[in-house]
Amino acid sequence: MSGSVALLALLAAGCAGSQGGQPQAGDTRFVAGDGKMQVFAAADRQAAPAIEGPTLDGGTASLAAHQGKVVVINFWASWCGPCRAEAPVLKEVAAKTKSSGVEFIGIDFKDRKADALAFERTEQSGYPSIFDQPGKVALAFQGTVPPAAIPSTLIIDERGRIAARALGAVTYTDLMNTVTKVRDE
């Protein structure tokens with residue numbers, strides 16, 4: 001199985017923390033998510049890939065459109081229980097940090113569009129989500145710091161580098177503290 005197919009299979013296997021998403025023997029690419037933020041030292045950060053795609057609301061979103069800003073990228077799916085649990089946290093942190101220049105982009109992964117739209121109507125995140133049914137955005141991170149679980153959250157620093165990653169549902173405190181730390185660097 002190629003690396004990209006393996007990454008997609010692991011991501012699609014289920015949500016972080018669910019039994020269906022546990023790694024196979026010898027597979028070190030997938031990490032069960034506990035939602036804890038892993039922050040990378042500035043000298044160790046890798047450049048985020050260029051990502052762009054159609055949004056659920058009919059527009060287009062890209063990382064390049066937010067150059068020079070801190071960007072939080074959250075990989076989610078309507079079929080994922082932990083994604084539903086963390087949605088209010090993401091919405092609140094996005095609202096509280098927007099005025100200080102932090103942007104959020106959702107990546108709806110391997111989902112049915114109707115289900116994703118229903119999720120968005122319910123959660124009203126306040127930020128765009130790229131509809132990534134084929135999983136191309138997740139694959140773009142292969143070789144850097146891949147999402148490796150659903151949900152996953154990546155924080156991109158002002159220089160376009162991956163500053164932090166959480167696998168699994170994030171907590172308000174962890175997300176707010178990490179976003180603030182990266183923003184204030």
Side-chain angles (χ1 to χ4, degrees), residues 11 15-16 33 35 37 39 48-138 140-141 145-147 149-185:
L11 283 168
C15 299
M37 278 287 170
V39 180
I51 61 168
E52 181 174 4
T55 58
L56 288 169
D57 65 5
T60 301
S62 71
L63 190 55
H66 304 296
Q67 189 171 4
K69 294 184 176 185
V70 171
V71 180
V72 178
I73 301 173
N74 178 258
F75 291 81
W76 64 274
S78 65
W79 44 261
C80 170
C83 298
R84 291 182 182 280
E86 77 172 355
V89 167
L90 292 159
K91 178 180 179 177
E92 187 173 353
V93 174
K96 287 186 175 181
T97 59
K98 187 165 185 65
S99 65
S100 66
V102 176
E103 299 290 339
F104 277 60
I105 300 173
I107 309 294
D108 178 36
F109 177 83
K110 291 288 186 180
D111 213 346
R112 291 185 344 161
K113 193 163 192 175
D115 295 341
L117 288 167
F119 181 94
E120 280 289 292
R121 276 192 304 275
T122 301
E123 299 303 334
Q124 298 181 0
S125 67
Y127 54 86
S129 281
I130 293 174
F131 181 62
D132 188 33
Q133 206 293 321
K136 289 180 181 178
V137 174
F141 283 90
V145 181
I150 296 293
S152 285
T153 302
L154 301 174
I155 300 176
I156 312 302
D157 68 15
E158 292 176 342
R159 292 177 55 192
R161 302 172 304 171
I162 303 164
R165 173 178 75 171
L167 302 176
V170 294
T171 66
Y172 176 86
T173 302
D174 280 353
L175 183 59
M176 182 59 97
N177 288 346
T178 308
V179 166
T180 300
K181 178 181 179 180
V182 172
R183 181 198 66 206
D184 293 347
E185 291 178 334

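Position 1 is the first residue of the sequence, and the numbers go up from there. Values below: every heavy atom of this structure, side chains too, minus hydrogens, waters and symmetry copies.
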Does the side chain of [X] reach to within under 4.5 Å of the side chain of [Y], using non-hydrogen atoms?
X      : Y      : value
Ser78  : Cys83  : no
Ile107 : Phe131 : no
Tyr127 : Val72  : no
Ser125 : Phe104 : no
Ile51  : Lys136 : no
Thr153 : Trp76  : no
Lys181 : Asn177 : no

Point to revise | Check: Trp79 side chain, Asp115 main-chain N or O, donor-acceptor pair, under 3.5 Å | key: no

**Study point:** Asp57 side-chain N/O to Gly59 backbone N/O, donor-acceptor pair under 3.5 Å
**Key:** yes

**Study point:** side-chain contact (heavy atoms from CB on, under 4.5 Å) partner of Arg165, the single match among Pro147, Ser152, Pro146
**Key:** Pro146

Review point. Is the shortest side-chain N to carboxylate O distance from Lys98 to Glu103 below 4.0 Å?
Key: yes

Exercise for review: Please name all residues satisfying side chain to side chain contact (heavy atoms under 4.5 Å, CB included) with Glu52, sequence neighbours left out, ordered by chain then number.
Suggested key: Thr60, Ser62

Check your understanding: Who passes side chain to side chain contact (heavy atoms under 4.5 Å, CB included) against Glu123, sequence neighbours left out?
Key -> Ala87, Pro88, Phe119

Review point. Who pairs with Arg159 by salt bridge (Lys or Arg N to Asp or Glu O under 4.0 Å), at least two apart in sequence or on another chain?
Key: none

Point to revise | Stepwise side-chain hydrogen bond (donor to acceptor under 3.5 Å, both in side chains) test for Glu86 and Asn74 | key: CA-CA 10 Å; Glu86 77 172 355; Asn74 178 258; 2.9 Å; yes

Practice item. State which residues pass side chain to side chain donor-acceptor pair (under 3.5 Å) with Arg84; sequence neighbours excluded, sorted by chain then number. Key: none

Check your understanding: Listed by chain and number, what are the side chain to side chain donor-acceptor pair (under 3.5 Å) partners of Glu185, not counting sequence neighbours?
Key -> Arg45

Review point. Crowded around Gln133 CD? As in, over 12 foreign heavy atoms under 6.0 Å?
Key: yes

Exercise for review: Consider only side-chain N and O atoms of Asp108 and Ser129, and report whether a donor and an acceptor are under 3.5 Å apart.
Suggested key: no

Please find the pair of heavy atoms, one from [X] and one from [Y], that lie closest to each other, and give the distance.
X      : Y      : value
Ser100 : Arg183 : OG-NH1, 3.0 Å
Val137 : Asp132 : N-OD2, 3.0 Å
Pro128 : Thr55  : CB-CG2, 3.9 Å
Gly135 : Phe109 : CA-CE1, 3.7 Å

Quiz: residues 167-176 side-chain donor-acceptor pairs under 3.5 angstrom, not counting sequence neighbours:
from, atom 1, to, atom 2, distance (Å)
Thr171, OG1, Asp174, N, 3.2
Tyr172, OH, Lys96, NZ, 3.3

Review point. Looking at CD1 of Ile105 and CG of Leu63, how far apart are the two atoms once the value is rounded to the nearest 0.5 Å?
Key: 5.5 Å

